[in-house]
Amino acid sequence: MEHKETLPPAILLMGPTASGKTAAALWLAERFPVELVSVDSAQVFRDMDIGTAKPDAATQQAFPHHLIDLISPEESYSAARFRADALAVMAKITARGRIPLLVGGTMLYYKALLEGLAELPQANPEIRAEIDALAAAHGWPAVHAELARVDPATAARLHSTDAQRLQRALEIYRLAGRPMSELLAAGESQKPPYAFLPLGLLPADRSVLHGRIAQRFDAMLHAGLEDEVSRLRRKYSLSLDLPSMRCVGYRQVWEAQDGIAPRAEMRDRGIYATRQLAKRQITWLANTLKPEIFDCLAPKLGDRLGQRIAREFFGGSFSAGGFQGKI
RNA sequence: GGCCAGGUAGCUCAGUUGGUAGAGCAGCGGACUGAAAAUCCGCGUGUCGGCAGUUCGAUUCUGCCCCUGGCCA
């Protein structure tokens, strides 16, 4: 068992969408020897810039972000791939004598990084198509019934309408020949060799966050989100059920463009979807990840975060907007 | 000013042949292992516009009033 002091530091900056994570991360990046690692399931897509609130080119130039623009919007990413990518890039950053500052709002990715994932088979398009066909013919409750035959434990904890999880559980059984419940039980928690400092950004008042979400979605619309979706659809072969086009904002613009939902409702729907995302992220923070929470609207937030980081990793020598000392 | 149609949950509406009401959306809470910005689950007390009248009982019937929209002047 290694001692905490022997482990290299890593900072985790978690928060719901529109809580000011990026601004805080940039502030810290100006003052600490850190490199930014994105923890964001949407910013991995190339050419999806406006709707994912990706840092602009100048910002990326000044402060390189890792794990952004990794794949085409036609492709899928995953929590498992994130964990592998993050650990690889964290090792490089650490080897350079710098500190990984992970920042983003994809809470499952943080969990996967911190606790590891069981050894499960990768997603398989053919098997998924088979299960989709079964569901189309007989309904998801029939898939649930089938799962109950081969993996009663997993079937018991899944609702018969939870299409995504039912599909995954049955996929695992068909690929591995063993039930998901068994494979999960076999995997033990694998904590990576870092001294993690999990920090959370939350507004004291939810309504403040809602205000910021509306403001930011309007800004995205003004910045040309609709054009961005049009360009994506021209350049790539996309559909509404791809992970990239299920992202908040992109989905609502697409639905308006194709008349699936009234254009007049597009803005509201985008804002609602963003709020609901924020709510899910907050639930993760409160119930699972439990970082040290900082009010994202508090005065001198940067100083507070800086002091906390300095106390943890630099012997408490952060003050007046700068830090002294070495790692 | 007259006629008609409405005024029911934050919004859009349904409904009650008289026994004080329910959907969608929003909101709130929760779950979460290779799609997670995903997927799914749970939560519905609101002077049924106001005041009277009829009635054992009115959101429902009647009258008057107020408000909104449309048509006619």
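The structure presented is a predicted model; accordingly, all values stated were derived computationally and were not measured. The chains referred to below are lettered A, B, ... by the order of the sequence lines, with proteins before strands, and numbering in each begins at 1.
A distance of about 11 Å separates the P atoms of G24(B) and G42(B), rounded to the whole Å. Here, G46(B) and C11(B) have their C1' atoms 14 Å apart, quoted to the whole Å. Rounded to the nearest Å, the gap between the P atom of C51(B) and that of G15(B) is 25 Å. The C1' atoms of G50(B) and C66(B) are separated by 7 Å, rounded to the nearest whole Å. Separation of the C1' atoms belonging to G53(B) and U8(B) is 22 Å when rounded to the nearest angstrom. As rounded to the nearest Å, G7(B) and G49(B) have P atoms that lie 8 Å from one another. Only the C1' atoms considered, U17(B) is 31 Å distant from C25(B), to the nearest whole Å. A9(B) and C43(B): their C1' atoms are spaced 14 Å apart (whole Å).
Environment of CD in Gln60(A): crowded, with over 12 heavy atoms of neighbouring residues, nucleotides or ligands closer than 6.0 Å. Heavy atoms from other residues, nucleotides or ligands lying under 6.0 Å from CD of Glu30(A) number more than 12.
Contact between the side-chain N/O atoms of Lys279(A) and the OP1/OP2 oxygens of G29(B) is found at a separation under 4.0 Å. Within the 4.0 Å cut-off from OP1 or OP2 of G27(B), at least one side-chain nitrogen or oxygen of Arg275(A) is found. Residue Arg206(A) has a polar side-chain atom (N or O) positioned under 4.0 Å from OP1 or OP2 of G29(B).
Aromatic pair Phe32(A)/Phe314(A): centroids less than 6.0 angstrom apart.
A heavy-atom distance below 4.5 Å is found between the side chains of Trp284(A) and Lys111(A). Using a 4.5 Å heavy-atom cutoff, the side chains of Gln167(A) and Val143(A) are not in contact. At least one side-chain heavy atom of Gln257(A) sits less than 4.5 Å from a side-chain heavy atom of Val229(A). Side-chain contact between Leu201(A) and Leu305(A) is present, with at least one heavy-atom pair separated by less than 4.5 Å.
When the C1' atom of A26(B) is taken as reference, atom CZ of Arg267(A) falls 14 Å away, rounded to whole Å. As a whole-Å value, the separation of Arg157(A) CZ from C32(B) P is 8 Å. Rounded to whole angstrom, the span from the CG atom of Leu285(A) across to the C1' atom of C32(B) amounts to 14 Å. Atom CG of Asp268(A) and atom C1' of G24(B) are 15 Å apart (whole Å). Summarising the geometry, the separation between OH on Tyr272(A) and C1' on U12(B) is reported as 11 Å, rounded to the nearest angstrom. With rounding to whole Å, Ile213(A) atom CD1 is found 14 Å from A26(B) atom P.
When every heavy atom of Ile71(A) is checked against every heavy atom of Ser76(A), the shortest pair comes out as CD1-C, 3.7 Å. In this structure, Ala195(A) and Leu7(A) approach most closely via the heavy-atom pair N-CB, 3.7 Å.
Both the sub-6.0 Å distance and the 45° axial angle are satisfied by Arg31(A) relative to the ring of Trp27(A).
Here His210(A) lies in heavy-atom contact (under 4.0 Å) with sugar-phosphate atoms only. At a threshold of 4.0 angstrom between heavy atoms, the contacts of Lys111(A) with the nucleic acid are absent.
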*If a protein heavy atom is under 4.0 Å from the base, mark B; if only from the sugar-phosphate, S; if neither, -; do that for nucleotides 34-40 of chain B going 5' to 3'.*
BBBBBBS
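A glycosidic torsion no more than 90° from 0 defines the syn conformation, and G34(B) adopts it.
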*Based on Watson-Crick and G-U pairs with both distances under 3.5 Å, what dot-bracket line describes RNA chain B 5' to 3', crossing pairs as [ ] and inter-strand pairs as |?*
(((((((..((((.....[..)))).(((((.......))))).....(((((..]....)))))))))))).
